[in-house]
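Input: a single structure, listed below in structure tokens.
Both ligands and their constituent atoms are indexed starting at 1 by order of listing. Quick note: numbers below take in every heavy atom, side chains included, and nothing from hydrogens, waters or symmetry partners.
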Amino acid sequence: MFLTKEEQAMCDGEYGETIRKSMDILVALGDIYGASGLVDITSAQVSGVSYKTIGEAGLEYLQDLAKDESAKASVNASLNPPGTDLDNWKELGFPEYFAIKQNEIVDAYADLGILKTCTCTPYLVGNVPRFRDHISWSESSAVAYSNSVIGARTNREGGPAALAAAIVGKTPLYGFHLEENRKANLVVNVNAKLKGADFGALGYIIGKVVGGGIPYFKMKNTPNNNDLKTLGAALASSGSVALYHVEDVTPEHDLNSEEDIEDIMFVSDKEILETRQALTTTDREIDLVCLGCPHASLEEIKQVASVVEGKTIKNKLWICTSVSVKATADRMGYTQTIESAGGNVVCDTCMVVAPIEEMGFEVIGVNSAKAANYVPSMCGLDVVYDDVENLVRFE
Ligand code: F3S
């Protein structure tokens, strides 16, 4: 891979040990994937934050990198969700040992200049790349959103590669950074009018079929940004989709003409319904309804507030979001409405990366196909998959 003189000097350790280690990662990746060189990025999003997933080894690795005080993120770089609500972990019942370790991890990232935004929806809280910007993002739903809905360019980076890119300000130029690799290879005709959790079911079906391919959706109704967020998260969890197009909706939907695409499939009402049912793993009562996967937008919090307003919730309810979105929900009175009904607006974390299996919950109600896919495997708990109105039970 071609390196400039400055990049070679970074590799040689002239800019310090952390930049040298970061360049090692980027050059190794570039060599593996045949990149022609490195390209400047405008934004990074770093996953690998929860103590549940990176453990003691990850914490030590980050603290070691952070010892080099000259190494800081050189672009707008946000952090993915950790395993606790960083401020209210005690009130919400998170284990103390876990919360202490979790804060140490987030602090090490902050020492490296990664912002404690702690969200998988950085595009809702100020990390918004422009169309065709090269970026390095690692959380799979955020990758799908930035590539597809914004039209920025990123591969599905691993956490260490995104951190290295954040520090160096560059990423290897290959894969989804190149226009020729952004064309669709499967047309999906959706013969159903979708709403709510249907979008997750559609993503779950197509992710399994397409794997790492690029689907081109033709829909009967126009999805909004929340629907696209849900769809992309599901596509990226049952498959490894990093980019999709929606006819007349997403910015690169006309990169190739529909006629160029050989593979075509149809999705019916019946398949959506069957998939919704298949994502539920139990008929037992839900003890925690956990929404906000990917992290909830203000509109989604408003919708939950309207569902629970003036009522008393029987099961526990968390809606997960970033601390920035919650601040506005507080001002608008949505948080107060949800708390008065017995629910919580939970910041930073989510049902997958939090240690909910250690907190006495057994059955989790979710409206996200990504969460329905991961909660059984990562937490060992059962899930019920449905729309918010059907998950929340009232006194
Ligand atoms: Fe985000 Fe957690 Fe879902 S990181 S996409 S809320 S699994």
**OP:** Check ligand 1 against Gly292 and write out every atom of the ligand that is under 4.0 Å from a heavy-atom position of the residue.
**Re:** 6 (S)

Original post:
Can an N, O or S atom be found in Cys120 less than 2.8 Å away from atom 1 (Fe) of ligand 1?
Top reply: yes

Original post:
Aromatic rings Phe98 and Tyr51: how do their planes relate, parallel, tilted or perpendicular, breaks at 30° and 60°?
Top reply: perpendicular

**OP:** Give the cluster check for Leu273 versus Val209: same hydrophobic cluster or not, with ILVMFWY residues linked at side-chain heavy-atom distances below 4.5 Å.
**Re:** no

**OP:** If you have a sec, work out which protein heavy atom is nearest atom 3 (Fe) of ligand 1 and how many Å separate them, to one decimal?
**Re:** Cys293 SG, 2.3 Å

Subject >> Residues Glu358, Tyr97; criterion side chain to side chain donor-acceptor pair (under 3.5 Å); working and verdict >> reply: CA-CA 12 Å; Glu358 295 179 35; Tyr97 84 93; 3.0 Å; yes

**OP:** Identify the residue among Ile301, Leu317, Val366 that makes a side-chain contact (heavy atoms from CB on, under 4.5 Å) with Leu291.
**Re:** Leu317

Original post:
Under 4.0 Å from any heavy atom of Lys370, which atoms of ligand 1 are there?
Top reply: 5 (S), 7 (S)

Subject >> Polar side-chain atom of Arg182 near backbone of Phe176 as donor-acceptor pair, under 3.5 Å >> reply: yes

**OP:** Measure from NZ or CZ of Lys302 to the centre of the six-membered ring of Tyr334, then state whether that distance is under 6.0 Å and the direction lies within 45° of the axis.
**Re:** no

**OP:** Tell me whether the centres of the aromatic rings in Tyr216 and Tyr244 are closer together than 6.0 Å.
**Re:** no

Original post:
Relative to the heavy atoms of Val352, which atoms of ligand 1 are at a distance of less than 4.0 Å?
Top reply: 7 (S)

Subject >> N, O or S atom of Cys350 closer to atom 2 (Fe) of ligand 1 than 2.8 Å >> reply: yes

**OP:** Measure Pro81 to ligand 1 on non-hydrogen atoms and call it side chain, backbone, both or neither using the 4.0 Å cut-off.
**Re:** side chain

Original post:
Taking heavy atoms and a distance under 4.0 Å, where does Glu139 meet ligand 1: side chain, backbone, both or neither?
Top reply: side chain

Original post:
Does Ala142 come within less than 4.0 angstrom of ligand 1, counting non-hydrogen atoms of the residue?
Top reply: no

Original post:
Could a heavy atom of Ser141 be found less than 4.0 Å from some atom of ligand 1?
Top reply: yes

